[in-house]
Amino acid sequence: MPQINLHATPEFEHALEALMRGRKLTSKSEAIRCAVQEAAAPYLAAPRRDFSLLQGLIGRRSGAAAKRRAPMAELEREIDEEMERALRAPRRAPARTTGDKA
């Protein structure tokens with residue numbers, strides 16, 4: 001097992017001792033392993049997300065278009081359209097602005 005050395009503040013030492021007393025742990029190493037495993041548990045259990053639908057969107061702009069930044073709304077619209085095409089979802093009607101009257 002690899003060894004990790006660290007410099008601990010008095011506050012860290014105090015908290016570590018409290019954890020050891022509260023969990024009835026016999027060593028600082030055991031207490032640190034316990035704390036790290038508990039802190040990492042949500043990250044280890046989280047499902048991996050598939051971003052493959054978004055591949056290629058960033059590098060698509062080149063030349064003069066790459067130097068001119070598109071407005072955020074345009075980029076969001078482009079991503080939405082790409083996602084809808086990829087998912088073959090029906091296109092939604094654009095949202096009405098507050099000034100439109102039905």
Side-chain angles (χ1 to χ4, degrees):
M1 179 182 313
Q3 180 176 338
I4 299 174
N5 297 318
L6 63 104
H7 296 279
T9 63
E11 294 84 12
F12 180 85
E13 284 280 334
H14 182 70
L16 189 58
E17 289 169 5
L19 177 63
M20 291 173 64
R21 280 191 305 274
R23 296 281 178 91
K24 297 179 175 53
L25 301 172
T26 57
S27 73
K28 291 179 180 180
S29 295
E30 189 177 1
I32 292 170
R33 279 193 296 271
C34 178
V36 170
Q37 286 173 345
E38 285 181 10
Y43 303 105
L44 295 172
R48 294 192 49 86
R49 291 185 172 82
D50 180 18
F51 293 108
S52 62
L53 293 174
L54 301 175
Q55 284 180 329
L57 287 177
I58 293 175
R60 188 180 304 175
R61 298 186 184 278
S62 62
K67 291 182 175 76
R68 177 185 53 83
R69 292 189 67 179
M72 184 56 72
E74 183 181 329
L75 293 173
E76 289 173 348
R77 188 171 37 257
E78 183 180 331
I79 291 171
D80 287 344
E81 289 170 359
E82 182 74 22
M83 291 292 288
E84 287 177 7
R85 275 195 300 275
L87 297 172
R88 294 187 182 101
R91 188 165 169 84
R92 294 183 294 151
R96 292 190 307 182
T97 61
T98 55
D100 292 346
K101 293 184 179 179

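Below, each value reflects all heavy atoms present in this structure, side chains not excepted, and no hydrogens, waters or symmetry copies.
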Side chains of residues 12-22: which donor-acceptor partners sit under 3.5 Å, not counting sequence neighbours?
| from | atom 1 | to | atom 2 | distance (Å) |
| --- | --- | --- | --- | --- |
| E13 | OE1 | K28 | NZ | 2.8 |

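At a threshold of 4.0 Å, the pair R85-E82 counts as salt-bridged, since one of the basic side-chain nitrogens sits closer than that to a carboxylate oxygen.
The CG atom of L6 sits 5.5 Å away from the CD1 atom of I32 when rounded to the nearest 0.5 Å. Separating the CG atom in D80 from the CZ atom in R77 is a distance of 9.0 Å, to the nearest 0.5 Å.
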